[in-house]
Peer 1: 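Sharing a structure with you now.
For the single chain, residues carry numbers from 1 onward in sequence order.
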Amino acid sequence: MPATLFTDIEYLKGVGKARGEKYRKLGITSPYELIYHIPRAYLDFRAHVPVCQAAHGEYNVLKLTVLHKTAPQRIKGGLVICKASATDGIDDILIVVYNNVYYYQALKEGSTYYMYGKVTGNMLRREISSPVYISADEKVLIQPIYHLTQGLSANMVRTNMRQALDIMRSEPFETLPEEIRRRYELKPLMWALENIHFPSSDAAAEEARTRLAFDELLKLQLGMSLMKSRSRRSTAYKMDSTTDIGGFYDSLPFELTDDQKKAIGEIEKDLCRDVPMNRLLQGDVGSGKTAVAAAACYFAAKNGMQSALMAPTEILASQHFATLSGFLEGLGVKVCLLTGSLSAGKKADMRRRIAAGEIDVIVGTHAIIQKDVEYRSLGLVITDEQHRFGVSQRAALAEKGDSPHKLVMSATPIPRTLALIIYGDLDISAITQLPKGRMPVKTYAVTGKLRHRAFGFVRERLDEGRQAYVVCPMIEDSESDLFAVKSYAEEAAKNDLKGYATALLHGKMNAAEKEKTMKKFRAGEIQVLICTTVVEVGVDVPNAAVMVIENAERFGLSQLHQLRGRVGRGGYESSCILITDNTSEDCIKRMKIMSSTNDGFRISEEDLKMRGPGDFFGSAQHGLPPLKIADIACNMELMNKAQNCAREILAADPELNWQQHRTLKMDVMRLFNKDIIG
Ligand code: ADP
Ligand code: MG
């Protein structure tokens with residue numbers, strides 16, 4: 001059977017079963033996917049230097065004629081070493097190849113090659129070891145470098161790549177209508193794919209990359225929009241718009257902020273439509289999203305509907321349970337906690353009561369979306385810290401119940417442009433103000449020399465009755481000299497925190513241990529929590545007013561902001577001390593930004609500027625389909641272009657049903673796994 005773009009990779013000429021397996025390891029199952037295995041870099045054979053100018057100890061490109069090959073020598077340990085003398089016409093050099101006899105044998109005496117490899121030796125005897133080479137007759141002097149896996153050589157992949165491109169060339173297809181390509185100045189797809197792998201010039205590689213990154217960003221947005229419109233097609237339970245939740249407002253121990261009220265209003269409106277709500281509640285750390293969620297649950301309960309609130313960790317789930325019961329039980333709303341660590345008997349009993357409708361609000365980890373949990377009347381599903389859940393989990397949740405209304409809460413402020421992409425399938429409510437009386441967290445960046453002084457300050461606050469977090473990047477000591485919580489805690493107990501109640505919290509503890517520790521910390525029995533970033537998300541202990549972050553250079557801006565958000569949640573003046581000895585420009589800049597602002601949106605803008613949008617896509621946080629090209633190549637301008645283009649296309653053809661959008665739609669579905677878009 002001749003291979004086509006979408007047959008199994010093993011049918012590609014010269015691949016076969018064994019090599020097919022290797023390709024599968026790289027996630028490549030068809031020639032089409034091989035073509036989208038984008039080079040991570042290029043080897044440029046054009047920039048060759050004479051032997052006498054080769055930089056020692058570094059990689060160089062040389063143009064060499066092979067003079068004399070000696071027979072391969074077997075040395076100890078089964079190692080085979082091959083040597084050949086060569087010249088650039090003026091100076092001689094020794095080519096040394098280890099273990100790769102086949103590769104060595106392909107070299108011909110008297111032939112000339114471009115060779116790329118590390119040059120070592122001295123003025124009298126120079127060596128180039130295990131060079132990558134191409135014939136000097138080769139026309140394509142810019143060669144792709146791919147991510148490889150054991151048993152799959154660069155040359156094999158290049159050869160297979162040419163074959164895959166040949167197949168595509170025999171039946172080229174194009175995802176973008178000509179008119180769009182022209183208007184956005186984009187190269188044809190076939191051209192772009194050829195030139196991303198075998199560019200004729202730097203400019204060609206760049207243009208190819210632009211076209212492919214544009215495609216990816218466009219597909220991403222189209223996919224998100226299609227998901228949105230699909231969910232709009234189903235019908236949800238329409239709640240009563242005259243529902244009065246005044247009782248909830250009255251029972252709160254505080255006055256809601258205007259933004260909280262506005263968000264609740266938007267949610268209520270959504271709940272009273274027969275189209276399922278699909279809303280993102282975005283608000284900086286500590287802005288009070290949980291109270292908004294509680295209002296929504298109360299609204300649903302008054303309509304006789306159940307709500308489910310899903311948190312990414314057990315710590316958070318039990319915290320939400322405590323908060324929601326506090327807000328709601330007094331109003332006659334029944335709240336329960338359902339997590340994986342409950343005993344089987346308790347779980348069964350809980351499930352029975354949920355199915356019987358005895359419980360109004362179910363809080364838990366993803367245990368609450370398991371198949372065996374049946375709801376009597378699930379009307380509202382809330383997910384907290386949504387970036388921990390993927391797009392597909394979002395979709396799975398939607399399948400629960402009869403198209404429930406959905407609210408997702410995220411504390412990761414994302415600049416608008418990015419939010420439109422990452423949450424393109426959602427409407428957005430934003431809480432931009434913090435509750436009254438909240439004082440900004442004073443932030444200081446210091447070097448390790450000031451550690452003891454910093455702890456002097458920490459002890460003062462502890463003596464005043466406050467609590468503290470100390471964050472380290474590692475759990476156990478490793479070869480890196482990064483701080484690890486275990487040894488750090490031992491050391492601190494002997495010195496800086498002697499006599500204070502400390503405890504560990506990290507990701508290797510089981511759920512019960514973690515919960516026990518958090519309970520004690522919340523109750524004030526533990527004064528200092530020495531922890532890893534497990535406390536990053538959502539933990540709410542208002543009495544904690546100091547945070548020390550060790551190896552602060554290890555954390556990105558947004559992460560630092562999230563961590564810092566654990567303090568400053570009560571009415572106390574709070575501080576965050578960042579300790580780092582790193583003096584890189586990048587680190588200093590991050591420390592300066594952290595010390596100068598508490599505004600999450602500003603911080604994320606800065607983060608975006610410093611890291612580029614690629615990093616947002618590259619990080620697994622948002623659960624988008626993995627991007628291959630855009631994450632390294634994209635810039636804001638390209639993103640805006642792709643956004644405009646998506647908007648235009650959808651305005652004209654909302655479901656992508658037009659003939660000229662068919663290949664594009666298929667590609668979108670491939671990116672998102674067909675099942676998400678119906
Ligand atoms: P986040 O948005 O980070 O999830 P939380 O919902 O955990 O924030 O709220 C942070 C803290 O602020 C909680 O202790 C909560 O009870 C309190 N809070 C929420 N809203 C207000 C408000 N309007 N006024 C005062 N305190 C509030
Ligand atoms: Mg929260």
Side-chain angles (χ1 to χ4, degrees), residues 1-45 61 66 69 72 78 80 82 84 95 97-109 111-117 130-173 188-200 204-205 208-209 212 628-629 667 670:
M1 175 166 70
T4 71
L5 270 187
F6 296 101
T7 46
D8 197 293
I9 185 81
E10 66 184 51
Y11 299 120
L12 192 64
K13 199 167 140 239
V15 174
K17 274 235 160 3
R19 204 186 286 177
E21 275 315 308
K22 312 267 187 231
Y23 273 119
R24 257 180 275 280
K25 266 199 191 141
L26 291 173
I28 297 165
T29 61
S30 65
Y32 173 85
E33 281 168 340
L34 179 61
I35 290 176
Y36 275 91
H37 190 55
I38 302 302
R40 63 179 171 84
Y42 298 93
L43 231 175
D44 191 345
F45 286 100
V61 178
V66 177
K69 289 165 68 178
V80 180
C82 308
I95 301 167
V97 176
Y98 295 95
N99 266 349
N100 204 337
V101 178
Y102 172 83
Y103 193 63
Y104 174 71
Q105 275 164 353
L107 286 172
K108 300 221 163 17
E109 287 180 0
S111 296
T112 305
Y113 303 89
Y114 292 109
M115 296 197 163
Y116 170 85
S130 300
V132 179
Y133 62 85
I134 56 171
S135 162
D137 300 331
E138 175 65 67
K139 298 270 177 313
V140 182
L141 293 185
I142 307 173
Q143 294 277 328
I145 302 176
Y146 299 103
H147 282 293
L148 300 169
T149 181
Q150 185 91 51
L152 208 54
S153 77
N155 274 334
M156 285 179 205
V157 178
R158 277 181 214 141
T159 308
N160 295 151
M161 191 64 77
R162 287 187 195 279
Q163 289 158 344
L165 285 169
D166 284 343
I167 296 176
M168 181 158 174
R169 205 175 298 112
S170 69
E171 257 178 284
F173 65 84
L189 182 59
M190 188 67 226
W191 185 96
L193 288 170
E194 283 176 339
N195 279 278
I196 196 92
H197 292 290
F198 302 105
S200 50
R209 206 167 271 278
L212 297 174
K628 297 198 167 116
I629 305 141
D667 241 23
R670 262 194 292 273

Peer 1: Output all residues satisfying ring-ring contact (aromatic ring centres under 6.0 Å, His included) with Phe6, sequence neighbours left out; order by chain, then residue number.
Peer 2: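 By the ring-ring contact (aromatic ring centres under 6.0 Å, His included) rule, Phe6 matches Tyr32.
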
Peer 1: Mind running side-chain contact (heavy atoms from CB on, under 4.5 Å) on Leu165 and Met190 for me, showing each step along the way?
Peer 2: CA-CA 8 Å; Leu165 285 169; Met190 188 67 226; 4.1 Å; yes

Peer 1: If you look at every heavy atom in Ile9 and Ile28, which pair is closest and at what distance?
Peer 2: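 Answer, listing the atom of Ile9 first, then Ile28: CG2-O, 3.9 Å.
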
Peer 1: What are the two closest non-hydrogen atoms of Tyr23 and Val157, and how far apart are they?
Peer 2: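 Looks like OH-CA, 3.5 Å.
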
Peer 1: Starting at OG1 of Thr149, measure out to CD of Glu21 and round the result to the nearest 0.5 Å.
Peer 2: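 Those atoms lie 11.0 Å apart.
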
Peer 1: Looking only at side-chain N and O atoms, does Gln163 offer a donor or acceptor that is under 3.5 Å from a partner on Asn160?
Peer 2: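 There is such a pair between these side chains.
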
Peer 1: Please work out whether the ring planes of Tyr146 and His37 are parallel, tilted or perpendicular, with thresholds of 30° and 60°.
Peer 2: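 The arrangement is parallel - the two ring planes meet at less than 30°.
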
Peer 1: Could you work out, with side-chain hydrogen bond (donor to acceptor under 3.5 Å, both in side chains) as the rule, every residue matching Lys139, not counting sequence neighbours?
Peer 2: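 In terms of side-chain hydrogen bond (donor to acceptor under 3.5 Å, both in side chains), with neighbours along the sequence ignored, Lys139 is linked to no residue.
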
Peer 1: Is there a side-chain contact between Leu107 and Met115 in this structure, where contact means two heavy atoms from C-beta onward sitting under 4.5 Å apart?
Peer 2: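 The answer is yes; the side chains approach within 4.5 Å.
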
Peer 1: Roughly how far, to the nearest 0.5 Å, is CD of Gln105 from CG of Asn100?
Peer 2: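 Here the interatomic distance stands at 10.0 Å.
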
Peer 1: Which distance, rounded to the nearest 0.5 Å, do you find between the OH of Tyr42 and the CD1 of Ile145?
Peer 2: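 It comes to 10.0 Å.
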
Peer 1: Less than 4.5 Å apart, side chain to side chain, heavy atoms only: is that true for Leu141 and Ile134?
Peer 2: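 With C-beta onward as the side chain, the pair touches.
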
Peer 1: I'd like to check the salt bridge (Lys or Arg N to Asp or Glu O under 4.0 Å) partners of Glu194; sequence neighbours left out, ordered by chain and number.
Peer 2: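 For Glu194, the residues satisfying salt bridge (Lys or Arg N to Asp or Glu O under 4.0 Å) (neighbours in sequence not counted) are Arg169.
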
Peer 1: Closest heavy-atom contact between Tyr113 and Ala106?
Peer 2: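 That closest heavy-atom pairing would be OH-O, 3.8 Å.
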
Peer 1: For Ile196 and Ile38, work out which heavy atoms get closest and say how close.
Peer 2: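 So the two residues come closest at CG1-CG2, 3.9 Å.
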
Peer 1: Any non-hydrogen side-chain atom of Pro172 less than 4.5 Å from a side-chain atom of Leu189?
Peer 2: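 No. Closest side-chain heavy atoms not under 4.5 Å.
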
Peer 1: Give the minimum heavy-atom separation between Ala84 and Lys69, together with the two atoms involved.
Peer 2: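 Shortest heavy-atom separation between Ala84 and Lys69 comes out as CB-CG, 3.8 Å.
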
Peer 1: Below 4.5 Å, heavy atoms only, C-beta onward: do Leu152 and Arg19 meet side chain to side chain?
Peer 2: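 Yes, close enough: below the 4.5 Å cut-off.
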
Peer 1: Strictly below 4.0 Å, N to O, side chains only: are Glu33 and Arg24 in salt-bridge contact?
Peer 2: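 Salt bridge between Glu33 and Arg24, a charged N being under 4.0 Å from a carboxylate O: no.
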
Peer 1: Is any side-chain N of the basic residue among Asp8 and Lys17 closer than 4.0 Å to the acidic one's carboxylate O?
Peer 2: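 Salt bridge between Asp8 and Lys17, a charged N being under 4.0 Å from a carboxylate O: no.
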
Peer 1: If you apply the rule side-chain contact (heavy atoms from CB on, under 4.5 Å), what do you find for Gln143 with Glu138, and how did you get there?
Peer 2: CA-CA 10 Å; Gln143 294 277 328; Glu138 175 65 67; 4.1 Å; yes

Peer 1: Pick one: which of Ile95, Asn99, Val101 meets side chain to side chain contact (heavy atoms under 4.5 Å, CB included) with Val97?
Peer 2: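 Only match with Val97 under side chain to side chain contact (heavy atoms under 4.5 Å, CB included): Ile95.
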
Peer 1: Decide yes or no on ring-ring contact (aromatic ring centres under 6.0 Å, His included) for Tyr133 and Tyr103, but give the supporting numbers first.
Peer 2: CA-CA 10 Å; Tyr133 62 85; Tyr103 193 63; 4.6 Å; yes

Peer 1: Please determine whether side-chain contact (heavy atoms from CB on, under 4.5 Å) holds for the pair Val132 and Tyr114, giving the CA-CA distance in whole Å, both sets of side-chain angles, and the decisive distance to 0.1 Å.
Peer 2: CA-CA 8 Å; Val132 179; Tyr114 292 109; over 6 Å; no

Peer 1: Please check if the number of heavy atoms outside Phe173 that lie under 6.0 Å from its CZ is greater than 12.
Peer 2: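 Enclosed.
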
Peer 1: So which atom in Thr4 and which in Pro31 form the shortest heavy-atom distance, rounded to 0.1 Å?
Peer 2: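 The pair with the smallest heavy-atom distance is O-CG, 3.3 Å.
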
Peer 1: Is there a side-chain contact (heavy atoms from CB on, under 4.5 Å) between Ile35 and Leu5 once you walk through the steps?
Peer 2: CA-CA 9 Å; Ile35 290 176; Leu5 270 187; 3.7 Å; yes

Peer 1: Return the CG to OG distance between Leu12 and Ser30, rounded to the nearest 0.5 Å.
Peer 2: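 Taking CG in Leu12 and OG in Ser30, the distance rounds to 10.0 Å.
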
